[in-house]
Chemist: 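For reference, the structure I am asking about is given below.
Both counts, for ligands and for their atoms, begin at 1 and track the order of listing. Values in this document were obtained by computation on a predicted structure and should not be read as measured data. Heavy atoms only: backbone and side chains are in, while hydrogens, waters and symmetry mates are out.
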Amino acid sequence: MAERSGHIAVFDSGVGGISVLRELVKIMPGERYLYFGDSANAPYGTRPTQEICQLTEQAVEQLLQRNIKALVVACNTATAAAIDRLRQRYPELIVIGIEPALKPAVTQFPNGSVGLMATPATLRGEKLKRLLNQHPHSQLCLIPAPGLVELVEAGLANTPQMDAFLTPILAPFAGKLDALVLGCTHYPFAIPAIRRVLGPDTVLFDGGEGTARETKRRLLQQDLLEEGPGSLIFENSLPDPKILELCKTLLTEASYG
Ligand code: DGL
């Protein structure tokens, strides 16, 4: 039985889910958060679907040993691969996933050109196919970006290395995209670099805020919202204190967004 004093567990393949955690903390500062990043196995997005499911289930099993009242899968890739199985397996648990913020982008730009950048696994998934069918758009361009996650994991989100990585991927779209959907939770940390390459006019969308709002709605619905002093624990599968330092930096970093 979930308790109001339980943790909100936030899971990602690595540090990317901190872009969702920020939004959660903003609208629910009184909660107890337990953030787990599986950086030892990141990136997930270039792995086969079966492997992504196994890694996700393994991490969730461990989180469920703790006092958890909700699970936020703050990873588009893990959501696409494993969310249906998680919901079947734990029907009592509040399980929230994240998906690319395509709907707000195509609603704001019904006749504009929209890019969707995500990991290879998210782009090939059935979940995205369903989302694209729900929001058909004639000028949509899918942009895979394998390698971006590794740079964020290495603490290089806002560096010349990131600019050099993004240039061949995004420079061809400079001045041509009305909207770019950031379909991976690592990508918001690269926003300053994305802006440098793409220019100032493209409107950027990511799913973090919507996911936080949905989490709050589900907690309220079950009378599980807590208004305490709030707390936050970072845990990671990588046995390296530097990764926990990076988590803290990313949570507070001023340049993000
Ligand atoms: N942060 C993840 C996402 O939202 C996955 C990145 C990865 O491990 O490839 O898709």
Side-chain angles (χ1 to χ4, degrees), residues 9-24 35-60 71-84 86 95-102 105 115-129 131 142-157 162 165-166 169 180-191 193-194 204-212 214-215 234-238 243 246-247 250-251 253 256-257:
V10 183
F11 165 70
D12 179 47
S13 64
V15 299
I18 293 168
S19 65
V20 180
L21 178 67
R22 285 174 63 109
E23 301 301 327
L24 288 161
Y35 183 93
F36 178 73
D38 191 11
S39 295
N41 293 303
Y44 279 15
T46 45
R47 292 176 183 273
T49 306
Q50 185 57 27
E51 239 174 81
I52 300 168
C53 279
Q54 275 165 7
L55 290 167
T56 303
E57 284 174 6
Q58 194 177 301
V60 169
L71 169 72
V72 180
V73 181
C75 177
N76 292 264
T77 306
T79 299
I83 202 89
D84 295 340
L86 290 175
V95 179
I96 313 287
I98 185 166
E99 64 179 19
L102 186 68
L116 166 55
M117 194 159 82
T119 67
T122 299
L123 291 177
R124 70 164 182 260
E126 284 305 314
K127 243 186 151 37
L128 187 70
K129 286 196 187 102
L131 191 67
L142 301 182
I143 309 172
L148 204 165
V149 166
E150 287 91 321
L151 287 172
V152 177
E153 288 288 314
L156 299 171
M162 182 61 90
F165 169 83
L166 286 172
I169 298 173
L180 178 64
V181 179
L182 305 179
C184 166
T185 56
H186 282 71
Y187 299 174
F189 295 113
I191 285 176
I194 291 171
L204 304 178
F205 290 85
D206 84 82
E209 205 185 313
T211 303
E214 174 63 6
T215 307
F234 279 119
E235 294 183 2
N236 198 288
S237 56
L238 206 63
I243 198 81
L246 178 62
C247 288
L250 290 176
L251 188 68
E253 207 178 47
Y256 157 67

Chemist: Can you say whether the rings of Phe11 and Phe36 are parallel (under 30°), tilted (30 to 60°) or perpendicular (over 60°)?
Modeler: parallel

Chemist: Anything with a heavy atom under 4.0 Å from ligand 1 counts, so go ahead and list those protein residues by chain and number.
Modeler: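 If the criterion is a heavy atom under 4.0 Å, then ligand 1 touches Asp12, Ser13, Pro43, Tyr44, Gly45, Cys75, Asn76, Thr77, Thr119, Val149, Cys184, Thr185, His186.
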
Chemist: Is the shortest heavy-atom distance from the side chain of Thr185 to the side chain of Asn76 under 4.5 Å?
Modeler: yes

Chemist: For Thr77 and Arg47: C-alpha separation, side-chain torsions, deciding distance, then whether side-chain hydrogen bond (donor to acceptor under 3.5 Å, both in side chains) applies.
Modeler: CA-CA 10 Å; Thr77 306; Arg47 292 176 183 273; over 6 Å; no

Chemist: Which value, rounded to the nearest 0.5 Å, describes the distance between Thr79 atom OG1 and Leu128 atom CG?
Modeler: 12.5 Å

Chemist: Could you check whether any side-chain N or O of Thr49 sits under 3.5 Å from a backbone N or O of Ala81, counting only pairs where one atom can act as donor and the other as acceptor?
Modeler: no

Chemist: For Met117, run the side-chain contact (heavy atoms from CB on, under 4.5 Å) check against Ile194, Val181, Leu142, Leu204 and tell me which one passes.
Modeler: Ile194

